[in-house]
Amino acid sequence: MSVLDVLLSGQLLFAALVTGSLYALVALGLNLVYGTMRMLNVAHGDLVMLGAYAAYWAFSLLGISPLIAAPVVACLGALMGYVLYKGLFRRLLAAPSPNAGRMESNSLLLFFGLSIILQNVAAMVFTPNNRAYQYLDDVLHVGDVAMTGNRIAALAVAGTTCIAIALFLGRSMAGLAMRAVIERREAAYVVGVDVDRVQWGSFALGFGSAALAGALISMLEQFSPFSGFPLTIAGFIVIILGGLGNVMAGLAAALLLGVIETYGVALTSANLRSVLLYGCFVAALLLFPNGLLAKR
């Protein structure tokens, strides 16, 4: 296949859209938590992993469709975020700290510890083996593009959820309060925004969207207790390209990353997928530290 054929391939475009929409959903929660609290959640990919396992066991043991289980999984993830915020991270935010950098460092250590705990507990409970299942894997043809039902469903659910969250942030009072805290935290305090409520809401929404992404990803590929780290890296690439705390630009950056990864693998080799991902991470840090799509 020539380079031109690859670039004009509808099959690859569809694959890029699916990948980009899932990366957008993963990065949304990461960006909300960082934007409202300046906390880098390095355990975010492990939350995706837990969502994948929840959907897997619901389907394998109870016969519940992953698409039906997904909202329940998202709610459980949101509940986990709420409990962790109230029980642990709220104290960190309330504790006196010499500067914001110190607080970010402490939160990074807490999330790193949480990541190690989640990975090892999942390995002990579920075993380290890869898991997968077949669901909606019938192939549908639209012109020259072959699409499986599970990928269409994942694209539809992830895309709809991202649009719904974007509308929530732009149209609702709670969403506008979140954006106010992200953009001007001190000013939000002054005008009476309940910052504590915004923070636990961001935690709940961030954890819930990660769990939902995991449920969708479980339909498409294998996963294990240690499969969350590459997704954390993908989420960081997205928010670096879009600008830290800039949720809307992050959605566009996720689609861009999906295109780069999909077409890059097609032009090189599937074995270089991780190299492309980490290469994008390093390039984004070096070339666009303030965000390729960030507001100037």
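Please read all numbers here as calculations on a predicted model, not as lab measurements. Sequential numbering from 1 along the given sequence is applied to the chain's residues.
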Do Arg90 side-chain atoms and Gln199 backbone N/O form a donor-acceptor pair below 3.5 Å?
no

Working note: Asp196 + Lys86, criterion side-chain contact (heavy atoms from CB on, under 4.5 Å); need CA distance, chi angles, decisive distance, verdict.
CA-CA 10 Å; Asp196 182 65; Lys86 289 292 187 179; 3.5 Å; yes

Without swapping roles, check the side chain of His44 against the backbone of Ala210 for a donor-acceptor pair under 3.5 Å.
no

Please confirm whether Tyr85 and Phe207 have ring centers closer than 6.0 angstrom.
no

Can you tell me if Thr262 uses its side chain to pair, donor with acceptor, with the backbone of Val259 under 3.5 Å?
no

Reported CD1-to-CG distance for the pair Ile217 and Leu25, which is rounded to 0.5 angstrom:
8.0 Å

Tell me if the CZ atom of Phe229 is crowded by more than 12 foreign heavy atoms within 6.0 Å.
no

Test log, rule side-chain contact (heavy atoms from CB on, under 4.5 Å), inputs Tyr53 and Arg131:
CA-CA 8 Å; Tyr53 271 106; Arg131 302 278 183 173; 3.8 Å; yes

Can you label the angle between the Trp200 ring and the Tyr82 ring as parallel, tilted or perpendicular, going by 30° and 60°?
perpendicular

Distance, nearest 0.5 Å, that separates CD1 of Ile165 from CG of Asn31:
11.5 Å

Backbone N or O of Gly45 within a donor-acceptor pair of the Thr232 side chain at under 3.5 Å?
yes

Spell out, as yes or no, whether a donor-acceptor pair under 3.5 Å connects the side chain of Ser21 to the backbone of Leu17.
yes

Quick check on Asn129: does its CG atom have over 12 non-hydrogen neighbours (other residues, nucleotides or ligands) under 6.0 Å away?
yes

Between the side chain of Asn150 and the main-chain N/O of Met219, is any donor-acceptor distance below 3.5 Å?
yes

Are Ile117 and Phe111 joined in one hydrophobic group, where the rule is that I, L, V, M, F, W and Y side chains link up if heavy atoms are under 4.5 Å apart?
yes

Check: Asp46 main-chain N/O paired with Gln119 side-chain donor or acceptor under 3.5 Å
no

State whether the side chain of Ser209 and the backbone N or O of Gly206 hold a donor-acceptor pair below 3.5 Å, judged by distance alone.
yes

Mutual orientation of the aromatic rings belonging to Phe89 and Phe203 [parallel < 30°, tilted 30-60°, perpendicular > 60°]
tilted

Could you tell me whether Phe126 and Tyr56 have their ring centroids closer than 6.0 angstrom?
no

Taking atom CD as the centre, does Glu221 end up with more than 12 heavy-atom neighbours from other residues, nucleotides or ligands that are less than 6.0 angstrom away?
yes

Checking Tyr133 against Ser218 for the side-chain contact (heavy atoms from CB on, under 4.5 Å) test, could you report, in this order, the C-alpha distance in whole Å, the side-chain angles of both residues, the deciding distance, and whether it holds?
CA-CA 8 Å; Tyr133 59 94; Ser218 73; 2.6 Å; yes

More than 12 heavy atoms from other groups under 6.0 Å of CZ on Phe112:
no

Check this for me: does any side-chain nitrogen of one of Asp137 and Arg151 sit under 4.0 Å from a carboxylate oxygen of the other?
no

I'd like to know if the side chain of Asn120 reaches the main chain of Ile116, judged simply by a donor and an acceptor atom lying under 3.5 Å from each other, with no hydrogens or angles considered.
yes

If you round to the nearest 0.5 Å, how far is CG of Leu169 from CG of Leu205?
7.0 Å

side-chain contact (heavy atoms from CB on, under 4.5 Å) between Leu155 and Phe14, worked out
CA-CA 9 Å; Leu155 174 60; Phe14 172 70; 4.0 Å; yes

Can you tell me how far CG of Leu220 sits from CG of Leu136, rounded to the nearest 0.5 angstrom?
10.5 Å

